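Accompanying notes for the structure given below.
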Amino acid sequence: MRFVDEFRDPQAADALVKAIRRTVTRPWTLMEVCGGQTHSIVRFGIDQLLPGSLTLVHGPGCPVCVTPIEQIDRAIALARRSDVVLCSYGDMLRVPGSGTDMLAERAAGADVRIVYSPMDALAIAQKTPDKQVVFFAVGFETTAPPNAMAVFQARAMGVPNFSVLVSHVLVPPAIGAVLDDPDCLVNGFLAAGHVCTIMGCGEYEPIARERGVPIVVTGFEPVDILAGILRCVGMLESGEIGVANQYARMVRHEGNPSAQRLCAQVFETVDRKWRGLGSIPQSGWDLRDEYADYDAARRFGLLAMTADEPAECLSGLVLQGRLKPSDCPMFGTVCTPERPLGATMVSSEGACAAYFRYRRRTGVSE
Amino acid sequence: MSERNAGWSVCPIPISRYPRVVMAHGGGGRIMARLISDMFRAAFDNAELNQGHDGAVLDVGAHAVTGGRIAMTTDSYVVHPLRFPGSTIGAMAINGTANDLAMCCAEPRWLTTGFILEEGLAMETLWEMVCSMADAARIAGVHIVTGDTKVVEHGRGDGMYINTAGVGLVRPGADSRPQRVTPGDAVILSGDVGRHGMAVMTVREGLEFEAEITSDCAPVWPTVRAMIDAGIDIHCLRDATRGGLASAVVEIAETSGTSIHLTESAIEVQPQVAAACELLGFDPIYVANEGRFVAFVPAAQADAAVSAMADTLPGARPAVIGRVEACDPGMVALRSVIGGERIVDMLSGEQLPRIC
Ligand code: SF4
């Protein structure tokens, strides 16, 4: 793109690549936690520019990928009801549930609408009082404040036909789960800047200290990611542990306290199942009892629904950085974006999708 | 024409008895005949249409430059909303089909149009779309020579759908089929990409950005003709409409059995388009255009082609964005702005807005 963008500037990127090459003296493995960063890395070919002794592995930070399969099934069950309008971010629509996905349901007549914010869904609820309007509230800490706001306002304004199907997940426990794995090879982490704009950097300090790893908060553009990598390998080479903020233009150390307060008022921390990873203690947010009336799973009696993930899908290993997507035996053969086995193959932040889209050789000469 | 309609800003609506489309407008009786004569024939007015026959008789031989070959194409237009910054469904229906002919190195001459109207469509809106078709046809130099009108019940259409088919006169000696793409060819893009799709998207979804994004919808034949007149040996042309630049280039690589290497930094994207794409998680090279195309020409003629194109495209910057190679048949690779390389493939479906 020919527009001037300092964070995609080839000279700045080149200077950082050279600095990384000068800094690295030993093999290191870094994990970028966030799927948005994974896509940037693969799309811009950032990993190809790094020295061979530096390995990037991709982490669990793709909210679409980790939403449990039964939660997709619940959304589909809701969408099938003739009295329900199901509102979702577009990205969720292709994610396979046990049998089908929401795009297929929409084609079969379900009222599934793509919205850009839960407030849009709330507005639809106000305009459509004869229907139940459900917003599929998935995401990390970044999308939680608007979801909390929508529920808060629905209660304040008394919008009885609005509810949310909540599947919020939290980044710090996911990093903890990656480190808990005895086979974990990760030496340092790049943490997702947009999550920290809300929650700040403080949450990562105990992890860094207790596990003895550097964690560098950074952004999504190539120059941000390269700067984050440079900082992280610098810390590794000098034996420094702790949290560094390489994204100070967006992230304040304390985050956004009023958004945090709003989330704390509406949500409570709960154990949460992650697709591919299983249950992680205290790793998600759910509506507090005061807001239970706005919980779609409770309102429509869906809590008992469970489902098993397809055993062939190795997305759990992919999400922990233990398997390169292209090394999954299903990749590109049985599992493609048209017929995905796992959510990581269809989410715009999924590692399998990134490899399929940007790395798969289409010609015969692989 | 009644008094009530005297104040329309575009041009006066010639039909006033029915403020909205009714089923009878497609019924084959007098009401339909009035619609055709007062609205379509009045707006599209040309000798072939005025023959008033079941079909139009076209005098291909009267055009000296034919060389005996005509090109033919058809396309249907279902865009919603009907108007968006920079264009309308009417202008798209003309330019889209005329541009498909231009991609065959054919001068677009004659178009047919089929309207599928939804009962209840405001006559004012229909007239606005008909006027924008007439304007676009005049600018593109094509005649709308015959047509058809059907009306579907309220709720069974999206206001209006338009189908156009077109016939163009192929320039003598020209051959722009993908099979002619050869290793060594330069890939030229006629201007910035991503505007049309994002213009429609922002209106449809009610998104607001600081600077308005306007569609690039425009006729491309003048640009193609300039290349032909400059003596460029055009190997292939492909418009970058649905699926965007990326899908167009992948199709060519697959059909021609070559591999195409693109340079991301050479692909122009307006800053507001880039920002909107970034926000929604879209890649601008997959976003639809309505006035952009890629040309494959011998590398030695690349500069001459770019300057011939630039003369016809005020405000646009045609540029060489890549080259054709023999290795990895069917593969498209792109060197990213920071120097990494990735594969470009067709998407499996439409791009869907991401979560955050
Ligand atoms: S390639 Fe498909 S099956 Fe393999 S891990 Fe990825 S999503 Fe699962």
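Residue numbers start from 1 in every chain, and the chains themselves are labelled A, B, ... in the order their sequence lines are given, proteins ahead of strands. All of these numbers come straight from a predicted model, not from anything done at the bench.
- Of the atoms belonging to Leu207(B), it is side-chain heavy atoms, and not backbone ones, that fall under 4.5 Å from chain A.
- Between the CG atom in Asp9(A) and the CD1 atom in Ile338(B) there is a gap of 10.5 Å [rounded to 0.5 Å].
- Contacts of Val17(A) with chain B are absent, with no heavy-atom separation under 4.5 Å from either backbone or side chain.
- Remark: Asp14(A) CG is packed, more than 12 non-hydrogen atoms of other residues, nucleotides or ligands lying under 6.0 Å away.
- Interatomic distance, Tyr355(A) OH to Ile343(B) CD1, rounded to the nearest 0.5 Å: 13.0 Å.
- Between Arg359(A) and Glu341(B) no salt bridge is recorded (no basic side-chain N to carboxylate O distance below 4.0 Å).
- A distance of 7.5 Å separates CD in Gln48(A) from OG in Ser336(B), rounded to the nearest 0.5 Å.
- For the pair Asp345(B) and Arg357(A), the salt-bridge criterion is not met [side-chain N within less than 4.0 Å of a carboxylate O].
- No more than 12 heavy atoms of other residues, nucleotides or ligands lie within 6.0 Å of CZ in Arg242(B), so this atom counts as exposed by the packing criterion.
- Counting non-hydrogen atoms of neighbouring residues, nucleotides and ligands closer than 6.0 angstrom, the CZ atom of Arg249(A) exceeds 12 such neighbours.
- By the 4.5 Å heavy-atom criterion applied to side chains, Glu221(A) and Glu278(B) are counted as neighbours.
- Across all non-hydrogen atoms, the minimal contact from Arg43(A) to Pro284(B) is NH2-CD, 4.5 Å.
- Residue Leu280(B) touches chain A through its side chain alone, counting heavy-atom pairs closer than 4.5 Å.
- Atom CZ of Phe44(A) and atom CZ of Arg335(B) lie 14.0 Å apart (nearest 0.5 Å).
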